[in-house]
Number of protein chains: 2
Amino acid sequence: MRTIFWDDDTGTVRMIDQRRLPGALEVVSCRTHAEVAEAIRNMTIRGAPAIGAAAAFGLALAARESQAADLPGLLADLESAARTLGETRPTAVNLAWALARVLAAASRFTGPAGDLRGFVLAEAQRLADEDVEINRRMAAHGATLIDKGDTIIHHCNTGALAVVDWGTALGVIRTAHEQGKHPHVLVDETRPRLQGARLTAWELSQYGIPYEIISDSMAGFFLSTGQVQKVFFGADRIAANGDVANKIGSYMLALAAQDNGVPVYSVAPTSTVDLALEHGGLIPIEERAQEEVLGIQFDGQPVVPQGARARNPAFDITPARLVTAIVTENGIVRPPFEVNLPKFVRS
Amino acid sequence: MRTIFWDDDTGTVRMIDQRRLPGALEVVSCRTHAEVAEAIRNMTIRGAPAIGAAAAFGLALAARESQAADLPGLLADLESAARTLGETRPTAVNLAWALARVLAAASRFTGPAGDLRGFVLAEAQRLADEDVEINRRMAAHGATLIDKGDTIIHHCNTGALAVVDWGTALGVIRTAHEQGKHPHVLVDETRPRLQGARLTAWELSQYGIPYEIISDSMAGFFLSTGQVQKVFFGADRIAANGDVANKIGSYMLALAAQDNGVPVYSVAPTSTVDLALEHGGLIPIEERAQEEVLGIQFDGQPVVPQGARARNPAFDITPARLVTAIVTENGIVRPPFEVNLPKFVRS
C-alpha cells in the first residue's frame with residue numbers, strides 16, 4: 001500500500017495515519033483540500049516527499065470543490081487552495097515545489113474548464129507515480145555507498161512512509177538489504193515526535209532488516225567506539241551550497257560522524273534542492289507546539305513538572321562541510337556542492 | 001531536605017526517591033546495605049556524588065548489620081558490603097572513592113570493636129557534610145564563569161538531587177542566580193531516563209530560575225543560532241588527561257558547543273578525578289536495560305513496535321579537547337589538564 005493515494009471510488013485522498021503507527025495501521029480519507037492541509041499540519045502525513053504528494057492531491061480535491069464555471073475562476077480557486085496548503089509547514093520545500101508544479105501545469109491547460117478537474121488530478125497522480133520511480137533510482141545510486149555488513153545510524157523516518165513508496169535514506173538501506181549487503185541499523189528514536197522509534201523501527205521490522213533503537217544522544221557513543229560505518233538521513237530542503245535542512249538532531253549527528261571520520265549521506269529527490277537559497281541560514285525553521293516535547297510519559301505518568309515550558313524547533317541545518325555526499329535520483333552529488341548541485345537538478 | 005541523610009531515630013538511611021519526582025516527593029528508608037545497593041542500582045538515588053554518599057552510608061548500615069565480635073571480623077564484613085555496593089554502577093568513580101575512604105578509615109581504627117560501628121557512621125556523616133561544603137565551594141568558583149543574562153544549556157541533573165545538597169553544575173547556576181546574574185537555562189531532557197525533564201526542571205522551578213526544556217537533539221540548533229553562551233554539565237569520572245565521562249549525550253553537546261565557539265564546563269568534586277586512568281577510553285561505560293529506551297509513551301500508548309530492541313549506554317566520553325575548563329572545589333582547572341589536574345586533586 002502506498003503512503004498516500006487517490007481513491008477513485010470515493011473521490012477522496014487516502015493516507016496512512018502515521019500518528020497511529022505502530023499500534024494500528026489505519027487509513028484515513030480527506031474529502032477537501034482543507035482536510036489535506038490539516039492532515040499535513042497535524043502530521044497524519046509527514047516526510048518531505050510525502051507532503052509534496054499530499055499537497056498535489058489537495059489541489060486535485062480543490063479543483064473538484066470549486067464551483068467556478070470558467071478556467072480563470074477555477075485557477076483562482078486552485079491558487080487559493082495552494083496558499084492554504086503551502087502555509088501548513090514552512091521548512092520542506094517539496095511542498096511548495098509540488099504546488100508550483102501542479103499550478104503551472106493547470107495554468108497551461110487550454111481545454112474546456114470542466115476538464116481541468118481531471119487534468120489536475122492526472123498531474124497529481126503523475127507526480128505521485130514519479131515519486132515512486134525517483135525513490136527507486138535514488139536507492140540504486142545510494143546502495144553503491146553501502147558495504148557488506150555496514151552498521152548505519154539513521155535519523156528520523158525516511159522510509160516508504162515519508163514518500164509515496166519505497167523511501168529516500170531508508171530506501172537506500174532497503175535496496176542494500178535486498179542486494180544481500182546485510183546492513184544493520186541503529187535507529188535514532190528522533191525526539192520529540194519519535195519518528196524513528198515509531199515509524200522507522202516498524203518499517204525495518206516489516207522488511208526483516210535488523211535494527212536497534214537508540215536515543216538520539218547515544219549516536220556519539222557508537223560513532224566514537226568504532227561501531228558505525230555510515231550515517232544516512234533525508235532532507236527537507238537543501239540550499240545551493242549544500243547546507244541540508246533536516247529533522248532536528250541531524251546537525252549534532254553529522255558533527256559526531258565527522259569527529260570520527262564516518263561519512264554522512266543525505267538522500268533526497270532533486271525537488272528538495274532549493275537553488276534559489278544561497279545557504280542554509282535562509283531556510284525557515286518551523287517551531288512546533290511545546291506539547292510535543294512536554295507530553296512524554298513513562299509508566300503512564302507525565303515526566304515534566306507542572307507549568308514546565310519547552311522549545312521545539314522541528315529542523316536544523318547541517319552545514320555542507322559535514323555532508324559527504326547528497327544522493328539524488330540523478331546520481332550522487334559530491335562537494336563542492338555549489339558547483340555540482342546545479343548539474344544534477346533539472347530546471 | 002538533603003537528598004540522602006542518616007535517620008538516628010530509626011537507624012536507617014533515608015533518601016528522596018528520584019524515580020517518583022516530579023509527581024511525588026517521597027522519602028524512602030534503607031535498613032540494610034543490600035537495600036542501599038538496590039536503591040543505587042535502580043536509580044532511586046543517582047548522581048555521582050550522591051551515590052558516593054549512599055555507598056558510605058551503606059557501609060554504616062553494614063557495620064550495624066555485622067554480627068562479628070572483633071575488629072577483623074567487622075572489617076571483613078565491611079569489605080564484603082563494599083564489594084556489593086561497588087558493583088552496582090561501574091562508571092562513576094565517586095562510588096569507589098567513597099567506599100575506599102570509609103574502608104581506609106575503618107582499617108585505621110584501633111578502639112573497641114563495638115565502637116567501630118559508630119566510627120563508620122561518623123565517617124559517612126563527615127563525608128556527606130563535606131559534600132555539601134564542597135558543592136558550595138565549586139558553585140562559588142563556577143559562578144565567576146557566568147555572565148549576566150547568560151543562556152546556559154545544562155545536561156542531565158546535577159542539582160541538589162545529584163549530590164547531598166546544593167549541586168555541581170546546577171549548583172553553579174543556582175549561585176549565579178542568587179548573585180543576581182539572571183541565568184536562563186535550556187534544560188536537555190536527557191534521554192533515556194529524562195533526568196533533565198524530570199529532575200532539573202523540577203529543581204529550577206523550585207529555585208525560581210527561568211528555564212525551558214529541549215530535546216537533547218535540539219541543543220545544536222540553539223547553539224548554531226547564537227542563542228547560548230555557556231554549556232554546563234557534571235562528571236561521573238574524569239581521567240588524568242581531562243577526558244570526562246558523563247551522562248550519555250554530553251559528548252554530542254560538547255561537539256556542538258565547540259563547533260559554535262561556546263565554552264563547555266564540567267563541574268565535579270575532585271573525588272570524581274581518577275588520576276590512575278590515563279585517558280577516557282579506559283573508563284568502563286555502563287550499559288543499562290533496553291527498557292529504559294523502549295518504555296517511552298505518548299498519550300498512554302507505547303511508541304515502539306512489538307519486539308523492538310534497543311541499546312542503552314548510560315555514559316559517554318567527552319574528550320578533553322572539547323572541555324574548556326573543569327570546575328572543582330579547589331578552583332577552576334584549565335588545559336593542559338594532564339599538567340594541571342594533579343595540582344588541584346589532594347592525594
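Here is the naming used below: chain letters follow the sequence lines, and residue numbers restart at 1 for every chain.
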Which answer fits [X], side chain, backbone, both or neither, if we ask what part of it has an atom under 4.5 Å from a heavy atom of chain A?
X	result
B/R20	neither
B/L294	side chain
B/N312	both
B/I285	side chain
B/F315	backbone

[X] versus chain B, the contacting section by heavy-atom distance below 4.5 Å:
X	value
A/E291	backbone
A/A219	both
A/E292	backbone
A/R193	neither

Between [atom1] of [X] and [atom2] of [Y], what distance do you get to the nearest 0.5 Å?
X	Y	atom1	atom2	result
A/D259	B/M252	CG	CE	10.5 Å
B/I296	A/S215	CD1	OG	7.5 Å
A/E287	B/F221	CD	CZ	6.5 Å

Top contributor to chain B interface from [options] [non-hydrogen pairs under 4.5 Å]:
options	answer
A/I317, A/D316, A/V303	A/V303
A/G295, A/G249, A/A201, A/G281	A/G295
A/L199, A/D216, A/V304	A/V304

### Task
Kindly check if the number of other-residue, nucleotide or ligand heavy atoms within 6.0 Å of CD (A/E278) is above 12?
no
### Query
Within a radius of less than 6.0 Å around CD of B/Q227, do more than 12 heavy atoms belonging to other residues, nucleotides or ligands occur?
yes
Return the minimal non-hydrogen interatomic distance between [X] and [Y], and the atom names on each side.
X	Y	value
A/A308	B/I213	CB-CD1, 3.9 Å
A/Y251	B/G220	CE2-O, 3.5 Å
B/L255	A/A256	CD1-CA, 3.5 Å
B/A197	A/P305	O-CD, 3.3 Å

### A/V293 vs B/M218 side-chain heavy atoms within contact, under 4.5 Å
yes
### Message
Given 3.5 Å as the limit, does a donor-acceptor pair link the side chain of A/E212 with the main chain of B/R309, or not?
### Response
no
So which residue, [options], ends up with the most heavy-atom pairs under 4.5 Å with chain A?
options	value
B/I214, B/L194, B/L253	B/L194
B/E189, B/H155, B/Q301	B/E189
B/G307, B/S205, B/G196, B/A310	B/A310

